[in-house]
Amino acid sequence: MKQLRIATRQSALALWQAEHVAARLRQLHAGLVVELVPMTTRGDQILDQPLSAIGGKGLFLKELEVAMQEGRADIAVHSLKDVPMQLEAGFALGAVLERADAADAFVSNRYRSLVELPAGARVGTSSLRRQAQLRALRPDLQLIDLRGNVGTRLGKLDAEQYDAIVLACAGLDRLGLAGRIASRLQPPDWIPAVAQGAIAVEYRSGDRATLERLQPLNDADSWRCTAAERAMNRRLHGSCSVPIGAYCLEIEQGLLQLIGLVGDARSGRLLRAEALGAVDAPEALGEQVAQRLLDQGADAMLR
Ligand SMILES: NCc1[nH]cc(CCC(=O)O)c1CC(=O)O
């Protein structure tokens with residue numbers, strides 16, 4: 001019996017994403033038995049601290065990689081946003097699925113957009129990137145930490161601990177919660193996290209049979225755009241827990257545009273840079289935009 005086991009976290013969003021990949025694989029490969037292997041990671045256990053304080057890198061991956069290493073799973077499905085810029089030795093990305101909306105969501109039960117919020121309103125987010133951009137646009141707001149999975153965060157908003165919260169549109173869309181989105185915070189005015197909205201599949205790098213099964217899931221455009229964003233972040237030594245954003249788009253046939261952002265969550269100072277590059281060299285484009293940010297003093301801002 002041909003079998004493929006998918007290591008996944010147990011949050012509703014992670015399970016949705018793993019089920020989505022499982023369904024695509026079953027459809028592509030008749031006779032392949034695809035099963036989920038749900039597990040808990042350190043990132044799921046430590047909920048009382050912002051990710052930036054626990055030191056970010058790979059918090060949501062480790063246990064899944066151990067399962068692959070020990071042969072309890074063949075692949076792992078992740079939000080690419082949570083995947084470190086440098087994977088652990090022995091692992092690689094086999095596919096990046098077609099990207100969903102990369103935008104952030106402004107979610108509130110009372111206000112329709114950021115500009116409508118009254119002075120001093122309480123906004124929940126633990127992301128330093130979101131905090132920096134909120135500060136830049138609305139220095140008067142009270143920014144309050146907010147962690148936990150999507151359901152937990154919405155629950156805290158509904159309990160009136162916050163006037164509004166910011167999270168990723170992709171997660172809400174996937175969970176059938178798009179109705180909760182009051183407005184979408186979009187590029188170029190608002191820059192999402194590197195690779196936000198993209199689902200990635202990780203596998204053991206030597207496992208050619210598995211890679212062959214994954215390849216039809218790959219979306220070339222999403223792969224290239226997220227590669228450019230990740231190359232920028234790698235050059236800046238970033239992860240998903242630092243105040244860095246990026247958004248890459250194929251603006252015309254063969255031409256990528258990458259916008260990069262580095263911010264300071266406390267002061268709301270933002271650095272922005274952008275460049276155009278060929279679709280066949282996304283990493284070079286990422287490095288070029290990183291260099292432009294470094295030339296403006298990004299290094300000092302990130303220390
Ligand atoms: N760090 C948590 C995380 N990782 C991926 C998503 C959303 C889905 C995606 O970006 O693909 C979220 C939740 C959020 O930021 O609101």
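Counting starts at 1 for both ligands and their atoms, following the listed order.
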Per-atom contacts, ligand 1 versus [X] - under 4.0 Å to a heavy atom:
| X | answer |
| --- | --- |
| G197 | 9 (C), 10 (O), 11 (O) |
| Q196 | 10 (O) |
| L167 | 16 (O) |

Looking at [Y] and [X], is there a salt bridge between them, counting it only when a charged N and a carboxylate O are closer than 4.0 Å?
| X | Y | value |
| --- | --- | --- |
| E65 | R204 | no |
| R184 | D104 | no |
| R99 | E229 | yes |

Any nitrogen or oxygen of [X], side chain or backbone, less than 3.5 Å from one on ligand 1?
| X | value |
| --- | --- |
| D82 | yes |
| L13 | no |
| F60 | no |
| K81 | yes |

### Residue part near ligand 1, for R130, under 4.0 Å between non-hydrogen atoms
side chain

### Message
For A168, which part has a heavy atom under 4.0 Å from ligand 1: side chain, backbone, both, or neither?
### Response
both

### Summary
Across all chains, not counting sequence neighbours, the salt bridge (charged side-chain N to carboxylate O under 4.0 Å, His left out) partners of R153 are none

### Query
Which of these passes salt bridge (charged side-chain N to carboxylate O under 4.0 Å, His left out) with D163: R122, R138, K156?
R122

### Task
Would you indicate whether the side-chain heavy atoms of P192 and P187 approach each other to under 4.5 Å?
yes

### Query
Looking at F60, is R9 sitting on its ring face, NZ or CZ under 6.0 Å from the six-membered ring centre and within 45 degrees of the normal?
yes

